[in-house]
Amino acid sequence: MVQVIAITGPTASGKSALADEVALRIGTDVISADAMQVYRGMDIGTAKTPMAQRAVPLQLVDIVDPDQAYSAALYQRDARDLIDNHIEKGKLAILCGGTGLYIQAALEDMRFPQGEVDDARRTRYNDMAESLGAAGIYQLLVERDPLSAEQIHPNNVRRVIRALEMTDEGVSYAQQRSGFAQPTPVYSSLTFALTMDRGALYERIDRRVDAMMNQGLVDEVSALIEHGMSDALTSRQAIGYKEIIDALSGLTSMEEAVALIKQRSRRYAKRQLSWCRRNPRTIWIDMDAYSLDQAASFIVERIGA
RNA sequence: GGCCAGAUAGCUCAGUUGGUAGAGCAGCGGACUGAAAAUCCGCGUGUCGAGGGUUCGACUCCCCCUCUGGCCA
């Protein structure tokens, strides 16, 4: 008996529409698995399905303000609450989104260290990395936790800092990782990933970015900047936002910003595909061969079996 | 029609006195355990316009053809 399904795949591949259709057919709602759609006010750039067009309720969108930090651990908590609730009611839970880590955190036995991530401490490490350089901060990790240092590339400052945070919390990154060599599912689940011809996908991405601009992405970003988005730790990393912020502050032209959004979206799509490929349980759906309707039928059939 | 310049990776181009080619951008692959739309790592993907000649050997020299741009008619 399948308890939860995930519908994922690259950006602009049609995940949301498909999830809506499946949810409608089997009488449930959709739980977003998207690291940027959690933010209020970030609608156009994250391609959030507009309220009026939602066939079924969409959960875990608009749950925090853009100046707040959210994380995989928090998502795990929130998503599992909802999934458990669905199971209690005998309903299938549908996770839909492109953030692979979030889906994994929800569906697999992934454990995060206790304690809160301390923004002030993170900022301090970021500053330290700035002044010491990548090699300098890496050296700090080598001294504190050589085993973890071995597993992290010295240039990957982001990971180096996280590993340092973990040592502060009394945990070792290396140790933590080795414990989860073979992921074990916590629910009975199926993961579907959408795919299509690369050229066609890139074409869709370009067109969607143009559409976002027409829908007023610049205005949306301006409004968010007034609420302090430029300083936000997480939300301002979103593709389509950071580029517009740079253009509005005069660092680039708007034309360059749009081109950059398209390119970064393409690369992002590629990384998403990479993530899906490494999961051997991924069930691929070729959207070149299936219509939305056929894809929905395919999924419904698989759930029943 | 004549003269000149060019034709090399998806694009823009480099390529020494002949030894089967390399940069940027684009692209492709991968990693990922509390920022993940983040962060990081790896990879030239090529009938050197076609055909012939010289040479042990031609992207390179010679001939011829095709195409493109410019100039002159």
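Worth knowing before you read on, the calculation uses all heavy atoms, side chains too, and leaves out hydrogens, waters and symmetry mates. To find a chain, count down the sequence lines: A is the first, B the second, and so on, and within it residues start at 1.
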- Which is true for A:Y241 with a 4.0 Å heavy-atom rule: it touches a base, it touches only sugar-phosphate, or it touches nothing? nothing

- Go through the N and O atoms of the side chain of A:R158 and the base of B:A35, and report whether any donor-acceptor pair is under 3.5 Å. yes

- Round to a whole Å and report the spacing from CG of A:L260 to P of B:A37. 17 Å

- salt bridge (Lys or Arg N to Asp or Glu O under 4.0 Å) between A:D34 and A:K15, intermediate numbers included: CA-CA 11 Å; A:D34 187 300; A:K15 301 181 289 291; over 6 Å; no

- Quick one: is A:T99 getting a side-chain N or O under 4.0 Å of the B:A37 phosphate, OP1 or OP2? yes

- Separation between the P atoms of B:G15 and B:A23, rounded to whole Å: 14 Å

- Task: For A:F112 and for A:N155, locate the closest nucleotide of RNA chain B by heavy-atom distance; then report the residue assigned to the nucleotide nearer the 5' terminus.
- Result: A:F112

- Salt bridge A:D206-A:K262, side-chain N to carboxylate O under 4.0 Å: no

Restricting both atoms to N or O, compile the protein contacts to nucleotides 27-31 of chain B shorter than 3.5 Å, with distance only.
unit_1 : atom_1 : unit_2 : atom_2 : d
B:G27  : OP1    : A:R266 : NE     : 2.8
B:G27  : OP2    : A:R267 : NH2    : 3.4
B:C28  : OP1    : A:R198 : NH1    : 3.0
B:C28  : OP1    : A:Y202 : OH     : 2.8
B:C28  : OP2    : A:Y202 : OH     : 2.9
B:G29  : OP1    : A:R198 : NH2    : 3.0
B:G29  : OP1    : A:R277 : NH2    : 3.3
B:G29  : OP2    : A:R198 : NH1    : 3.1
B:G29  : N7     : A:K270 : NZ     : 3.1
B:G30  : OP1    : A:R277 : NH1    : 3.1
B:G30  : OP2    : A:S274 : OG     : 2.8
B:G30  : OP2    : A:R277 : NH1    : 2.2

- Which pairs, with at least one residue in residues 230-243 of chain A and sequence neighbours excluded, count as a salt bridge (charged side-chain N to carboxylate O under 4.0 Å, His left out)? A:E243-A:R264

- Item | Pair A:R121 + A:E169, salt bridge at N-O below 4.0 Å | yes

- Task: Report the stems of RNA chain B as range-with-range entries sorted by first number; a stem here is at least three consecutive pairs, Watson-Crick or G-U wobble, both distances under 3.5 Å, and write none if there are none.
- Result: B:1-7 with B:66-72, B:10-13 with B:22-25, B:27-31 with B:39-43, B:51-53 with B:61-63

- Message: Please classify the nucleic acid contact of A:A35 as base, sugar-phosphate, or nothing, using heavy-atom distances under 4.0 Å.
- Response: sugar-phosphate

- Query: Which nucleotide, B:A35, B:U33, B:G34, lies nearest any side-chain atom of A:A72?
  - Reply: B:G34

- Task: Over all heavy atoms of both residues, which pair between A:M229 and A:S235 is shortest? Give the atoms and the distance, please.
- Result: CE-O, 3.7 Å

- Task: Mind calculating the distance between CD (A:Q37) and P (B:A38) to the nearest angstrom?
- Result: 15 Å

- Could you pull out all residues at least two apart from A:Y102 that satisfy ring-ring contact (aromatic ring centres under 6.0 Å, His included)? A:Y75

- Query: Is there any ring-ring contact (aromatic ring centres under 6.0 Å, His included) pair reaching into residues 203-222 of chain A, and which pairs are they, with sequence neighbours excluded?
  - Reply: none

- Message: If you compare every side-chain N and O of A:R122 against the phosphate oxygens of B:A35 (OP1, OP2), does one of them come in below 4.0 Å?
- Response: yes

- Task: Give the rounded distance in Å between these two atoms: CD of A:E256 and P of B:C25.
- Result: 15 Å

- Query: Across the strands shown, which category fits A:T11 at heavy-atom distances under 4.0 angstrom: base, sugar-phosphate, nothing?
  - Reply: nothing

- Residues at least two apart in sequence or cross-chain that pass side-chain hydrogen bond (donor to acceptor under 3.5 Å, both in side chains) with A:D67, listed by chain then number, are none

- Message: Between B:C43 and B:U60, how far apart are the two P atoms, rounded to whole Å?
- Response: 31 Å

- Is the closest basic N to carboxylate O distance between A:R111 and A:D109 below 4.0 Å? yes

- Message: Taking only the P atom of each, what is the distance from B:G1 to B:C48 in whole angstrom?
- Response: 30 Å

- RNA chain B: A:R264 or A:Y173, which has the more 5' nearest nucleotide? A:Y173

- Query: Hey, does A:Q237 reach any base, or is it just sugar-phosphate, or nothing, if we go heavy atoms under 4.0 Å?
  - Reply: base

- Message: One thing to verify: whether A:K91 and A:D29 come together as a salt bridge, which I'm taking to mean a side-chain N less than 4.0 angstrom from a carboxylate O.
- Response: no

- Whole-Å distance, A:Q76 CD to B:A36 P, equals 14 Å

- Under 4.0 angstrom, heavy atoms only, what part of the nucleic acid is A:Y70 near: base, sugar-phosphate, or nothing? sugar-phosphate

- Query: Is there a side-chain polar atom (N or O) of A:Y102 under 4.0 Å from OP1 or OP2 of B:A36?
  - Reply: yes

- Looking at every strand, decide which applies to A:G98 at a 4.0 Å heavy-atom threshold: base, sugar-phosphate, or nothing. sugar-phosphate

- Message: Heavy atoms only, 4.0 Å cut-off, all strands: where does A:D109 land among base, sugar-phosphate and nothing?
- Response: nothing

- Message: Can you check the distance between B:C71 and B:A9, where both ends of the measurement are the P atom (answer in whole Å)?
- Response: 27 Å

